[in-house]
Structures are given as C-alpha cells and as structure tokens.
Engineer: 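Please find one structure pasted underneath; my questions will follow.
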2 protein chains.
Amino acid sequence: MPRLHPNIVDANRRKIERVALRLFCAQGFHGTSMREIATRSHVSLGNIYNYYKTKDELFTSIVNHYGQVMNTQRDRLLESIHAPFERDEILGLASRIRDVVYRYGDFWLLMYVDVTEFRNRHFEKFFLGLADEFRNRFRREFSQPQLRRGLKGLDPGMVFAAMWMQFFNYFLVERLFRGRRHFGMADAAVVKGLSQMYERVWRR
Amino acid sequence: MPRLHPNIVDANRRKIERVALRLFCAQGFHGTSMREIATRSHVSLGNIYNYYKTKDELFTSIVNHYGQVMNTQRDRLLESIHAPFERDEILGLASRIRDVVYRYGDFWLLMYVDVTEFRNRHFEKFFLGLADEFRNRFRREFSQPQLRRGLKGLDPGMVFAAMWMQFFNYFLVERLFRGRRHFGMADAAVVKGLSQMYERVWRR
DNA sequence: TCAACAAAAATGAACGTTTGTTTTTTAATA
DNA sequence: TATTAAAAAACAAACGTTCATTTTTGTTGA
C-alpha cells in the first residue's frame, strides 16, 4: 500500500505553511486566496485540501507550529540570563530580542492578523502570565539583597517585564511599522541608553 | 436643482465610516464586505458608491478622518504636560494615555489592519519623527539643569519617548490583546510602579 | 527482474456563493 | 419637471471547497 513517507508529508506541510505565513502577513487572512497559496507553493489547489481540511485549519496549524518555535526561543533567551539587571546582560537581552523580532518578524505580524481578523482567538494565550513566569524563573535573582535595597520597594518582576516589553515593542515598531528611528536615534544608541536607564533604576 | 445639504452629506459619511471602522477592526479589510457595511449602516449598497468611489477610498477616508482626531488628541495631551518628569505628571500622562487607548481603541486596531493588509501604507507617517517632536516641544523642560544633572548624560528625549511608548504599549496590550493583567498586577499598581521607576531614573 | 496491480496523492475543472463595482430603476425634492 | 439621491438589480470575477480524473508509487506474483 503506497503511502507518502512521513518526512515527505512534513516537508510538504512546511512548504505550504511557509508560503501561507508570508502571504497571510502581507495581505491578511481574508486577503489571501487558497489559489495564491497553491500557486506560490507549487502545490495544486486540490492537493492542499489533502493536508488541511479548511483554510482556517491551515491558519491554526501555522500558529501552533510557529508558536512552539517562539516558545522555544523565549525559553532559550531567558535561560541565557543570569543577572537580569546588570547592564551587560540588559544589553544582551536587547540584542537577543532584536534578533528574535527580525528573524521571526512574520510571526508577530501573524499576531496582528489574529487580532484584527479573529479577535485574537489563537494568540490570547501568549500574553497570559508572562510577568509571573519572569517572577518564577528569576525568583532567586529578584530577591538578592543588593537589588532589593536599590529598588526601594519597586517590584523587580514589574521592572523586568517593563524592560522586556520595552525592547520588544521598540524593535517591533522599527521592524513592522517601518518607524525608522522612531526614537530619533540609531538602534545602538537606543539600546545603550535604555540599558543605562534600567540599570540606574536600582544602581547609582 | 436639488442637492443634499453639506451637513447631511457629512452626517451620512460619518454614519457609513463609523460602521465600516467597527467592521474593519473586527474582521479586517478583506474580511468585511461592502454589503455588510451597507446593511449595518442602513445605506443601500449602491448608494455607498455615491459617497466613495471604491472600498479602498472608504478605508483611506476613515484613516484620514480619525488620524486628524488622534493628532488633536495627542496635541492636547502634550499641551497638558509642563513638567514631563515629575511623578504626578507621569501619573497624569499614564491616565490620559489610558483614556485615549480605551476610547479610541478601534483606531489603533485599524493601524494593525493597515500593517497586515496594506503594508502600513496609510499609517507609516504616524511614527515618523515622534521623538523629535517631543524634543522640540519640551526643549525648555528638557534643558533644566536639575534634570540634566540627574539624568547624567541620558538623553531626556529618549527617556520621555520610552515612557510614552511604554504606557501606550501597556494599555494597547491590555485592551487589544486581552492580555488581562499581563504584568501580573492591576493597572493602577503598574501605573504607580512605572511612574516611580521613571522618576527614579533622574531623581533620588 | 519486471510488468501488473491497487491504493494513495496530485491535479485541475466544476460548483455554488460571494465579492466589488456598474447599471438601471425608483423616489425625493427645489 | 429637472436633477439628484437612494435603492435595487445585474455583472463579471474571484472565492472556498468538492469531485472526477490522472499520475505516482510501493507491493506482488510470475
């Protein structure tokens, strides 16, 4: 009984999803036709329906697949941090976030597609409990006496979340909104400045 | 020669655009049909084309109209600030940004629609020169000796832009991404914490 | 070793809707 | 009644999906 080798099935799905992701991000879900996905991925229109029951299922599959990739990236990023409030590590955090935003820019665009065409149905989970995960992961680092003294009552989890979101948002605006230099200075200067700023919140 | 009174024409346009804005935000540009806009605004399909040549023109008209409203809001917001780095004014800034995000949430969603379906064609201008406008408007405030001493070389324009974007981004995530309490604490606590943080950047 | 076979995969035409827009018809008004 | 506004009907194109058909492919029997 002839059956496609699982590796080939996976490869075909990846090929379709890669093309579909690009198109969904550039022209939205409803603005992208199955015909265009078929043509550009060199898979016949009918055959796509052997891999996905509906267009919605194709979208969901992309979100889930890339969602796993992004979770892995986030974990790796967090694991590389050992002193979350030292200037050098803040610089490193910024640089890694920049990488993630620029390398996986399409994924973040897909998030906007989800917000505007699906009321954030698929992506809601990505924001839930973000700060709490920070607090959990850096419990030890956040409770160091020197840091707590410097923060003078400021919640370290909140400060870290602020830092994290700030860098993400900065690069997302630069990348996705073409807000070239929206801080009025080069990326490197912004990163340097913000790193100084966040270090100064607790250290003088 | 009977001709509609300009006020009535304007009222009709507003009626159409209000409905279209809501629909574009909830299901995207391509996901919204002219028929649905017609039905919900109680204007016949054919008649909409007496007001707008094409669907694209309707979209553009909405962006321009609400863009003016948002620019006015931003100007009023900035005019209310006299000491940009005092804790009380930072709290006020946060509260006003919150208002703008919650009252005009649809407008920001439209920005995401524009990014994902028009490559940010209509909204690009909204980010250009943002920080430079801050620097211009607060030239006097930013050059106060006490502040400059406290900032120790940090660019006040950058710090203010960071603050501005931070509050906007925080409330946008809360409002549009349903990231309920994504900092792991209530809005009021976040605002209080961030205000303390930004004051502490320059004042001890 | 290799044609014959059966099952799966791939294809593209076809289907019924829905789309944006245009054209035609009707209603309203100075 | 002349002119515009509003409504309704009509149009071609495009949509997501289905389906009949062809091609491919691993196995089998000689």
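Every chain is numbered from 1 and lettered A, B, ... according to where its sequence line falls, protein lines coming before strand lines.
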Engineer: Tell me which nucleotide among dA6(D), dT17(D), dT21(C) gets nearest to the side chain of L45(A).
Structural biologist: dT17(D)
Engineer: Output yes when at least one side-chain N/O atom of S33(A) is less than 4.0 Å from OP1 or OP2 of dA14(D), else no.
Structural biologist: no
Engineer: With heavy atoms under 4.0 Å as the rule, sort D56(A) into base, sugar-phosphate or nothing.
Structural biologist: nothing
Engineer: Flag the pair L110(A) / Y66(A) as yes when at least one side-chain heavy-atom distance between them is below 4.5 Å, and no otherwise.
Structural biologist: no
Engineer: Could you tell me the separation between the NE2 atom of H5(A) and the C1' atom of dA8(C), rounded to a whole number of Å?
Structural biologist: 16 Å
Engineer: Which sits closer to the 5' end of DNA chain D, N47(A) or T32(A), going by the nucleotide each is nearest to?
Structural biologist: T32(A)
Engineer: Under 6.0 Å between ring centres: does that hold for F29(B) and H30(A)?
Structural biologist: no
Engineer: Report the distance from atom CD of E117(B) to atom P of dG20(C), rounded to the nearest whole Å.
Structural biologist: 12 Å
Engineer: I37(A) has an atom CD1; how far is it from atom C1' of dG12(C), in whole Å?
Structural biologist: 18 Å
Engineer: dA7(D) P sits how many Å from N50(B) CG, rounded?
Structural biologist: 10 Å
Engineer: Mapping M34(B) and V43(A) to their closest nucleotides on DNA chain C, which lands nearer the 5' end?
Structural biologist: V43(A)
Engineer: Less than 4.0 angstrom between a side-chain N/O of S44(A) and OP1 or OP2 of dA10(C), yes or no?
Structural biologist: no
Engineer: Return the value, rounded to whole Å, for the distance between atom CZ of R13(A) and atom P of dA10(C).
Structural biologist: 13 Å
Engineer: Would you say N12(A) reaches dA10(C)'s phosphate, i.e. side-chain N/O to OP1/OP2 under 4.0 Å?
Structural biologist: yes
Engineer: Using a strict threshold of under 4.0 Å (side-chain N to carboxylate O), is an ion pair present between R74(A) and E133(A)?
Structural biologist: yes
Engineer: Looking at K192(A), R181(A), E174(A), which hits side-chain contact (heavy atoms from CB on, under 4.5 Å) with D187(A)?
Structural biologist: E174(A)
Engineer: Return the value, rounded to whole Å, for the distance between atom NE2 of H30(B) and atom P of dA14(D).
Structural biologist: 13 Å
Engineer: In whole angstrom, what separates H42(A)'s NE2 from dA9(C)'s C1'?
Structural biologist: 18 Å
Engineer: Looking only at atom types and distance, does a side-chain atom of N120(B) sit under 3.5 Å from a main-chain N or O of F177(A), one as donor and one as acceptor?
Structural biologist: yes
Engineer: Please tell me which of R35(A) and Y51(A) maps to the more 5' nucleotide of DNA chain C, matching each residue to the nucleotide holding its nearest heavy atom.
Structural biologist: Y51(A)
Engineer: Taking atom C1' of dA5(D) as reference, at what distance in whole Å does atom CG of N7(B) sit?
Structural biologist: 17 Å
